[in-house]
Amino acid sequence: MNASLIRHPRQGDGIRLRMYLVVIAASLCALWIASYRQEAAKASSAGSADAKRTLSKDERMKWWRDARFGMFIHWGLYAVPAGEWKGKQVPGIGEWIMERAHIPVSEYEQLAKQFNPVKFDADQWVRIAKNAGMKYIVITSKHHDGFCLWDSKVTSYDIVDATPFKRDVLGELSRACKKEGIRLCFYHSIMDWHHPDAQAPFYPNYNDTKQSNPNFSRYVENYMKPQLKELVANYGPLGVLWFDGEWIGDWTEPQGKDLYNYVRGLQPNIIINNRVGKGRKGMEGLSKGDQEYAGDFGTPEQQIPAKGLPGVDWESCMTMNDTWGYKSSDQHWKSGEDLLRKLADIASKGGNFLLNVGPTSEGLIPGASVERLAAMGDWMEVNGESIYGTTASPLGEVPWGRCTAKPGKLYLHVFDWPANGKLEVPGLKDHVRKAYLLADKKRAKLPVTRSGDTLVVTVPEKAPDRINTVIVLEIKS
Ligand code: JFZ
């Protein structure tokens, strides 16, 4: 029998089958590409729609609540004296030297001629923040001394017109942040020691909260508001406008409400802190309406509220040493261990950590800050899941560390490793499906037992991370 007549159904069908498979695969591939393109188009239009659509507060706050960790940057003319004036060390925080050394406006503004930060590199600053695990940057567009870090059209007291540097720092930072997916935010002082219509010059005391300037409203309408418009229009969309200097006698609650509305009109979905209004009174106790104008989040400074601020969004801002603006003499640095544990402590109470750097007059972030941020980034690389997008601990105080939460998961931040290999978790009633080390890619199960209301997790003898080892509990919440 002619072999050729012998159909090798399997062979002939095999070729046909392969052809069918190729056709099916090609069709599936085409379908996937079409649906991907449709999804991408929907997402981008949703994104732009979000940019146009006024979001609810929860929608507007989502990126900020997920971020949990940001970089504060205090930079300006005060980096030139760096804490010293006429040969003497000036006590206090570096950015207040004009006030603390009683420097007349005419003398202080001469510093602009010396401000030439030739080593400034926006991409480097943003990479340092991003590699630390930070998701947003808040930089002083204008601090109390009135000096502006952008090319403002309403003053020549700015980095482009008044310094030999002549570059628009905020413009360069805005481009670098967009490139790296970092949200750019501005700290902006309501108080202004340089503008003749604002508080200054009550030389020798620029911070005399009892004094009043009859022309303050003219400063607000003809100077501060136009500058805010420049910042939003030319460097936005911004993540946050972080106001400060609201404690002065010339600033009132009605002005705070007006400023809140003005900024919300410039960029409807911007986030505004609580220092836009009068003082930093806690937002609790305010009527719903007044809460709106009290800003979107509380700003405890150089401290972590013992129980957090239940019911409101809040952010602890903190220096790495003792000054916000650069002081060459201030070498009182917090350790990387302390900073990492503060991050976990703040997140366990439902807050954000805004950690400050004070760059030098050359435009460099101090080495001691860079080292600490790199160490924090190494930890965040492995454990970021236990910080980003988490909420406050549902457990009470735990003796060995802190706890953060996500739906169906608890993250146990163990600072003090149990010598007996038994980690006790009091007050956890939920059924625990699984426990494992977050750093363990295989997620090998850790044995769990119960003793009454206390869960006991058997852990390795040695702490994998001596500063903060994270254990994940998958729970039936
Ligand atoms: C303010 C600024 O004065 C300071 O320079 C820095 O920018 C910090 C982040 O914010 O610090 C203040 C302001 C007011 C009070 C305390 C710290 N206060 O009224 O107690």
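Residue numbers count from 1 along this sequence. Not measured: the values here are computed from a predicted model. All values below come from the heavy atoms of this structure, side chains included, with hydrogens, waters and symmetry mates left out. All ligand and atom numbering here is 1-based and tracks the order in the structure.
Counting the atoms of ligand 1 from 1 in the order shown, those under 4.0 Å from a heavy atom of Arg275 are 1 (C), 10 (O). Near Trp96, with a cut-off below 4.0 Å to any heavy atom, the atoms of ligand 1 are 2 (C), 3 (O), 4 (C), 5 (O). Atoms of ligand 1 lying under 4.0 Å from at least one heavy atom of His144, given by number and element, are 2 (C), 3 (O). The Tyr187 neighbourhood of ligand 1 comprises atoms 7 (O), with distances under 4.0 Å to a heavy atom of that residue.
Residue Trp324 has no N or O atom closer than 3.5 Å to an N or O atom of ligand 1. Remark: ligand 1 and Asp244 share an N or O pair separated by less than 3.5 Å (distance only, no angle test). Between His143 and ligand 1, a contact under 3.5 Å exists for at least one N or O pair.
Remark: aromatic rings of Trp75 and Trp125 are close, center separation under 6.0 Å. The aromatic ring centres of Trp324 and Phe72 sit less than 6.0 Å apart. Side-chain rings of His195 and Tyr223 approach one another, their centers coming within less than 6.0 Å.
Put simply, the residue from Leu339, Ile387, Ile467 that forms a side chain to side chain contact (heavy atoms under 4.5 Å, CB included) with Trp379 is Ile387.
Among Glu95, His74, Gln302, the residue whose heavy atom lies nearest to atom 4 (C) of ligand 1 is Glu95.
Checking side-chain atoms of Asp345 against main-chain N and O of Arg341 turns up no donor-acceptor pair under 3.5 Å.
Side-chain atoms of Leu395 and Leu428, non-hydrogen and from C-beta on, do get closer than 4.5 Å to each other.
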